[in-house]
Amino acid sequence: MPELPEVEAARRGIAEQLAGRAVTGLELYRPRLIQAAPGLDLDLLPGHRLLEVGRWGKYLWLVFEPLAAVVHLKLTGQLVARGGSIPGFAAGHPVPPYDAPLPHKSTALRLDFAPGIQLYLTDVRHFARVWLLPVDEVDNYVESFALGPDLLSPDFSFETFCRRLERRQAGRLKPTLLDQSVVAGIGNIYADESLWQARLHPEQVVGALSEDDLARLYEGIQQTMRLAVPIGGARILHGKAVPPVGEFPFVHGREGQPCPRCGTTIVKLQVNGRGTYLCPHCQPAPVGSPLGAGATQRLAAGE
DNA sequence: AACTACTCCTGGAGGC
DNA sequence: TGCCTCCAGGAGTAGT
């Protein structure tokens, strides 16, 4: 599902291939996609250029001359551009396949750009949203989500990260990483990957982390982003990586497979209702945890 | 403050 | 083949 690396892939594709081009037409297949401020409408776009594209965490915004569109792909949103003389790009959820004929039955919006280019927003579960706003209200609108620092921003320093975690001493690690007001951009896949990199258990209590744990966690997040962003993110469908499968992701969606680091069988459990994958050897249950030693394995075995 | 449950949705998987 | 149920989850909200 689209998390920071997937949304960043979309931002780069739009910035490199669509910015500066004029909108020539559009088709809105699913009106509920759009939430417009009073007086604004998609039909204002044709004839105007895309001036700028921005991103903070999983939010993406496109600034046109008459208005701005803030996009959230949620679980299954996908952005694909093709046509004209551009190389094209595809980012987000891997269903329908990136090379499928478009529009797909779940395509919600098509924007046409000169010359002969189409940008499709497709979303099989209909959770994605596009907000239409006056251009000068975008900053305030994005700030209203109270997002933590973006993982790719210089603002995401080790010091800032520790300060953000200080407010969440009693929380468990994975729900804390998924909270976008702590840091912006981590979702279920990259939380699992970052914790595996850091060798930390997802149910570890934040306040119990040592300085060394915190340093490994920060580095684990950075390392996960360094791996995922250049390839446009992991393609996960129904908890399984969509081929072609490389090394990445290392644990998410790999229940029953050997840990790439130590060979121990990767297990799946539920943390705050989220499917969570980990290596029980690299990421032992926290000492003094009410779960106790071996609880992860017992849970995974359904005992 | 932290967690759970529910809502929004569809389609794939598995059971029978 | 064809029903049926379960499950996946980002984020907002309400309740505990």
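So that the names make sense, note that chain A is the first sequence line, chain B the second, and so on, each numbered from 1. Only this structure's heavy atoms are used, side chains among them; waters, hydrogens and symmetry mates stay out. The structure presented is a predicted model; accordingly, all values stated were derived computationally and were not measured.
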From [options], nucleotide with atom closest to [X] side chain:
X: A/H126; options: B/dT4, B/dA2, B/dT10; result: B/dT10
X: A/R32; options: C/dA8, C/dG10, B/dC9; result: B/dC9
X: A/R125; options: C/dA11, B/dT10, B/dT4; result: B/dT10
X: A/K58; options: B/dT4, C/dG10, C/dA8; result: C/dG10

[N] [atom2] sits how many Å from [X] [atom1], rounded?
X: A/E203; N: B/dC3; atom1: CD; atom2: C1'; answer: 13 Å
X: A/L173; N: B/dA2; atom1: CG; atom2: C1'; answer: 14 Å
X: A/L75; N: C/dA11; atom1: CG; atom2: P; answer: 9 Å
X: A/L73; N: C/dA11; atom1: CG; atom2: C1'; answer: 14 Å
X: A/D123; N: B/dC8; atom1: CG; atom2: P; answer: 16 Å
X: A/H252; N: C/dA8; atom1: NE2; atom2: P; answer: 10 Å
X: A/Y277; N: C/dG9; atom1: OH; atom2: P; answer: 7 Å
X: A/K174; N: B/dA2; atom1: NZ; atom2: P; answer: 18 Å

* What class does the angle between the rings of A/F113 and A/F64 fall in, given that below 30° is parallel, 30 to 60° is tilted and above 60° is perpendicular? -> parallel
* Hey, what's the ring geometry for A/W131 with A/Y141, parallel, tilted or perpendicular (30° and 60° as the breaks)? -> tilted
When you measure from the side-chain N and O atoms of [X] to the phosphate of [N], is any distance below 4.0 Å, counting only OP1 and OP2?
X: A/N188; N: C/dA8; answer: no
X: A/K74; N: B/dC8; answer: no
X: A/R168; N: B/dA2; answer: yes
X: A/Q270; N: C/dA8; answer: yes
X: A/K268; N: C/dA8; answer: yes
X: A/Q180; N: C/dA11; answer: yes

* Answer with base, sugar-phosphate or nothing: what part of the nucleic acid does A/G275 contact at a heavy-atom distance below 4.0 Å? => sugar-phosphate
Does the side chain of [X] pick up a donor-acceptor pair with the side chain of [Y] at under 3.5 Å?
X: A/Q180; Y: A/Y59; value: no
X: A/T76; Y: A/D123; value: yes
X: A/S210; Y: A/D212; value: no

* To do: Run the salt-bridge test on A/E8 and A/R55 with the 4.0 Å N-O cut-off and return the result as yes or no.
  => yes
* Is there a donor on the side chain of A/R167 or the base of B/dA1 sitting less than 3.5 Å from an acceptor on the other? -> no
* State, to 0.1 Å, how close A/P103 and A/Y29 come at their nearest heavy-atom pair, and which atoms those are. => CG-OH, 3.5 Å
* To do: Establish, yes or no, whether the cationic atom of A/R254 lies under 6.0 Å from the six-membered ring centre of A/W196 and within 45° of the ring axis.
  => no
What pairs of nitrogen or oxygen atoms, one from the protein and one from nucleotides 12-16 of chain C, lie under 3.5 Å apart?
from   : atom 1 : to    : atom 2 : distance (Å)
C/dG12 : OP1    : A/Y59 : OH     : 3.3

